[in-house]
Amino acid sequence: MSSKQINHRTVLSAENNSALPGVNIRIKGTTKGTFTDIDGKYRIQASEDMVLIFSFVGFHPVEVPVANQSIIDVVMETDARILSEILVVGYGNINRRDLTGSVAQISEQTIQDIPAIGIDQAMQGRMAGVQINQNSGIPGAAISVRVRGSSSISASNRPLFVIDGIPMLTGSPSQFDYGGQSIDAITDLSPSDIASIEVLKDASASSIYGSRAANGVILITTKRGADQKTQFNLNVYGGFQELWRKPEFLNRDQYLLLFKDAFAEDFFGEPAEEISDNEILNFYYGGLPYPENTDTDWVDEVTRKGPIQNYELSARGGNDKTQFYISGNYFDQKGVLINSRFQRISSRFNLDHYINDKFSISLNSGITRSTQNRVSSDNTLYSPFSNALAASPLWPVYESDGSYTRPQFFYTNPVAEGTENDDENQSIRVFANVLGSYEILDGLSINVRGGGDMLYFHERSYIPDSYPGSLSTPQGGSGTFATSNVNKWMVEGFLDYKKVLNNLHILNVVIGHNREENLSSSSSVTGIQFPGERFRYIGAAATVNQGSNGAGGSGLESYFGRTNYSYEDKYLFSASFRADASSRFGPNNQWGFFPSVSGGWKINEEEFMDDQEFISDLKIRASVGKAGNQSIGGFAWKNLVGAGNYLETSTIVPVQLGNPDLKWESTTQTDVGIDAGFLDGRIYLIADYYYKKTTDLLFARPIATQNGFGAYQSNIGSIENKGFELTISSININNSAIDLQWRSNFNITFNKNKVLELYNNEDIFYGFNGNSLVLREGEPIGSYYGLIADGVFMTQSDVPESRRIQGIQAGDMNYRDINGDGVITDDDFTIIGNAQPKFYGGLTNEVEFKGFDLQLFLQYSVGNDQWFASGAFQEGMFANFFDDNNRTTVLDRWRSEDDPGNGEIPRAAYDVSVNRNNQPNTTRFVEDGSYLRIKNLVIGYKLPKDLLDRLKMRKIRIFAQAQNLFTFTEYTVLTLK
């Protein structure tokens, strides 16, 4: 039978009648085939008895007999495959079906369906291998992101964020200390402007970013215009957040009884029940002038229901020459803690212009102004919330004259701390880049990109002296003003070559050069003695008593390349390479080299798979490669001097011992994965096993102090992460007859972290009191260190003689004698828990029915221990004379052999110098942090089309959402909802 040429025919999408590039057209039963070009056109030689198979991820395959046709136009219907067909990778895009690495994606639709406050909420729990934690409930606070575990001890474990091809500024520009609470420049990005988020997890996907890719790479692509009539979109929502579970503390009567228990034996010589309230108050405070019914709930006083509001307006459109996207956003969140607030005003303008068929220019730009009212929180005694947890219920908030009380000598009034202190920061963020692309030859284009990320940040703090316990000066208050300017500039050029040979070979080569410069400067000034509380800026201070300023910078020069090759659309190969030279390392090791290689096999494209219908996609893949980490100080390799003061004379003093042999941290990663689709894509599975090993860890190694330095930066030790990831997506119901769809997505990650080697096998202690955490060979990062508590000695006869000699008695903690010497000392410390979860993930269910939609998202983490560090105070029971209020858990304390409590809480005792009953780092305060959380519940309704036509609207959706609706956990955690 003669063959015929089918020329210049087109494949279109039924959804919007647009051309589909990259569609696979294959002659059934053979390996012969081709692909559609960028305009959706194709040509192929076929005889009349042949059948053409059109396939493309995200669309139902189409089979068309050639017969006597010489013109075959095809319209492909979208199917319900969960995985987006196009993924953004470094310096290009790729079909997932051709991917040989490990990449996770969140689509534009997912982000739209959950009105996320920040990108952390859009990502959390939705991608295998990506662990996100919010370290503070303060609006605008920083997030923690880990991709496949922690790979470093002292350098950053944070992934590289890249927005529209430019690495972003991340981290905190603040110079103020808010007790462990930090901010992050990433909060300046509005989630409503994001088109997709890709996470490059394995070395094959990420090593093209070289020295910054050891912790993974997060690519953020913003929305763009389209060849369409201009569309306007308005999105408005409002809501509130509140404490989901308030911590329960003692009321007045319970507190006073605990008070009496602690001092009855040694100071009163009679049972606590026989001591009156006035007796104990006179003994400890010399009496209190407040009404006997005073019973203040301080947590209620410093928390509130925090409103949230968001307004977004955008427009996108264009023609075949020029397309644009423009947006504006206002976001306002008042925190649960009084006086905390975050406001963001942002705008974005993206433009694509095709000058001719060969030359195009793209502009990406955004500007954000953020304002944050900060309140000290987290790891400090001087904050409204921590003081509220400690404050005695015996004190009211105000004195009778309206001034603030001071509930305890050790702390300030929580309400005063939150209300009177004035802390605010403001930032202006400008992000812009331009990409020019010119097609030199058919399939060969040159691309030049230049851009910058500029952050201008200032902050001020004013502390009045108008309330007792204020950290201000005794007269006139104190204030500080600080500025930080951080700028990143980048320019790069790369060649991109694409070629299809004989309908069998598909080749894509990228090669380029990159240069980046980072500049920063900062200054601060502190003044005291302000004329009044209305004068809060530094210019009003009578005395300026402190100031500082500085500047720094770093540079990176890189060469990179990548090759993707496909044979017969079945056998895939990819290799990439990057060479980085960083100013952060000395001339001995300034260059780092980061290669990777990967391969894949599309088993479903083999002829022996043609006759089966159960498996619709099947691909196995494997990769190995290396990435680096350069996140240390700017000049750690150099001997540095600084300004000093000797006998009132300015002088120069050594400040750092350099290490000219300092080199990169290197992470080598191996990944083996499988992608499989079943039942025409109704079920899709992605599974990965990975092994990561990081060597040459950057760490300040302790050295003998005789030379004037206690440590110097060096490369020591190694760490490994190994794990398994699984993502399963399914279309459970897809019934067009009744207009019902139900989709599910489940992901789970198992990761095991271990320290392989440290300098001289020496343990490294850190954390609270310098020894609550330990780095030890053979153990994971985040290992808690302390005493094992085996409950309470219930009777005096239970106390061993060796302990009685020490002064231990019934009701004291029974700590395990690890070294067997009969006494409890720091030598009995051992590893008592670990912060790493055994596994974590999420489950999403989406249901659509006749205009209604429902999304239920569950997030979980299992096996992670949490150290309740403040338990030593919140269950301290007046130890060391601290009169902190206590949690209601102490109601189950040991009171006598006849009333022993639950056997876990010791007796109340002010003197714990011997019994160590309030020892913070013990298993008594290590809790199971596992949880299952209803992270998101969204219910929406789309107005019907006939009504929209009358309103001349394209789409109206009304929705209600609850976040962190409920958490199932045994951990005494505070969660916002």
Side-chain angles (χ1 to χ4, degrees), residues 6 11 20-37 40 42-47 50-66 72 74 76-87 89 93-103 204 498-508 563-575 597-623 672-688 729:
I6 301 172
V11 181
L20 288 177
V23 174
N24 184 329
I25 301 114
R26 182 166 56 90
I27 298 174
K28 190 172 184 177
T30 73
T31 59
K32 184 179 180 182
T34 186
F35 293 89
T36 56
D37 63 17
Y42 74 95
R43 62 183 180 182
I44 192 169
Q45 190 82 16
S47 59
M50 293 180 176
V51 176
L52 299 183
I53 300 176
F54 297 77
S55 62
F56 192 55
V57 175
F59 291 80
H60 287 290
V62 177
E63 294 190 14
V64 181
V66 175
I72 301 178
V74 173
M76 300 187 70
E77 299 280 349
T78 58
D79 73 6
R81 292 177 190 261
I82 308 301
L83 304 176
S84 299
E85 61 273 13
I86 300 297
L87 296 173
V89 293
N93 302 322
I94 193 170
N95 287 333
R96 180 176 285 279
R97 63 194 303 276
D98 297 325
L99 183 69
T100 56
S102 182
V103 178
S204 170
K498 299 182 177 71
K499 188 69 174 178
V500 178
L501 300 173
N502 301 324
N503 292 324
L504 296 175
H505 310 275
I506 302 175
L507 181 67
N508 177 212
T563 298
N564 290 329
Y565 171 73
S566 170
Y567 177 66
E568 291 190 339
D569 193 33
K570 290 187 291 188
Y571 311 110
L572 310 172
F573 172 80
S574 180
V597 63
S598 62
W601 177 26
K602 298 181 188 177
I603 301 175
N604 64 292
E605 296 293 340
E606 297 289 355
E607 290 185 29
F608 60 78
M609 297 289 288
D610 284 346
D611 295 330
Q612 67 81 38
E613 298 181 354
F614 179 70
I615 300 176
S616 49
D617 281 298
L618 182 60
K619 177 179 67 178
I620 57 174
R621 49 187 167 77
S623 68
V672 178
I674 182 171
D675 302 343
F678 307 95
L679 301 176
D680 197 22
R682 292 181 68 100
I683 301 174
Y684 210 100
L685 176 150
I686 302 175
D688 285 88
S729 304

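Among residues two or more places apart in sequence or in another chain, the salt bridge (charged side-chain N to carboxylate O under 4.0 Å, His left out) test is passed with Lys498 by Asp496. Applying the salt bridge (charged side-chain N to carboxylate O under 4.0 Å, His left out) criterion to Asp98, with sequence neighbours excluded, gives Lys602. In this view, Ile615 and Met609, Gln612, Leu618, Phe678 satisfy the side-chain contact (heavy atoms from CB on, under 4.5 Å) rule, not counting sequence neighbours.
Ser616 places a side-chain N or O within 3.5 Å of a backbone atom of Gly677 that can act as its donor or acceptor partner.
Taken from CD1 in Ile686 to CD1 in Ile674, the straight-line distance is 11.0 Å, to the nearest 0.5 Å. For the atom pair OG1 of Thr100 and OH of Tyr565, the computed distance is 14.0 Å after rounding to the nearest 0.5 Å. Atoms CG and CD, from Leu679 and Glu613 in turn, are 10.0 Å apart once rounded to the nearest 0.5 Å. Here the CG-OG distance, from Leu99 to Ser574, works out to 8.5 Å after rounding to the nearest 0.5 Å. Rounding to the nearest 0.5 Å places CZ of Arg43 at 10.5 Å from CD of Gln45.
Considering Asp617, Asp610, Asp675 in turn, Asp617 is the only one that fulfils the side chain to side chain contact (heavy atoms under 4.5 Å, CB included) rule with Asn604.
Contact record, Ala46 with Leu52: CB-CD2, 4.3 Å, taken as the closest heavy-atom pair. Residues Ala687 and Arg621 share a closest heavy-atom pair of O-NH2, 3.9 Å.
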Kindly indicate, with the supporting measurements, whether the criterion side-chain contact (heavy atoms from CB on, under 4.5 Å) is fulfilled by Val62 and Val64.
CA-CA 7 Å; Val62 177; Val64 181; 3.7 Å; yes
Take Trp601 and Leu572 through the test side-chain contact (heavy atoms from CB on, under 4.5 Å) and record every step on the way to the result.
CA-CA 6 Å; Trp601 177 26; Leu572 310 172; over 6 Å; no
Please determine whether side-chain hydrogen bond (donor to acceptor under 3.5 Å, both in side chains) holds for the pair Ser598 and Ser204, giving the CA-CA distance in whole Å, both sets of side-chain angles, and the decisive distance to 0.1 Å.
CA-CA 6 Å; Ser598 62; Ser204 170; 2.9 Å; yes
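More than 12 heavy atoms of other residues, nucleotides or ligands lie within 6.0 Å of CD in Glu63, so this atom counts as buried by the packing criterion.
The shortest distance between side-chain heavy atoms of Leu507 and His505 does not fall below 4.5 Å.
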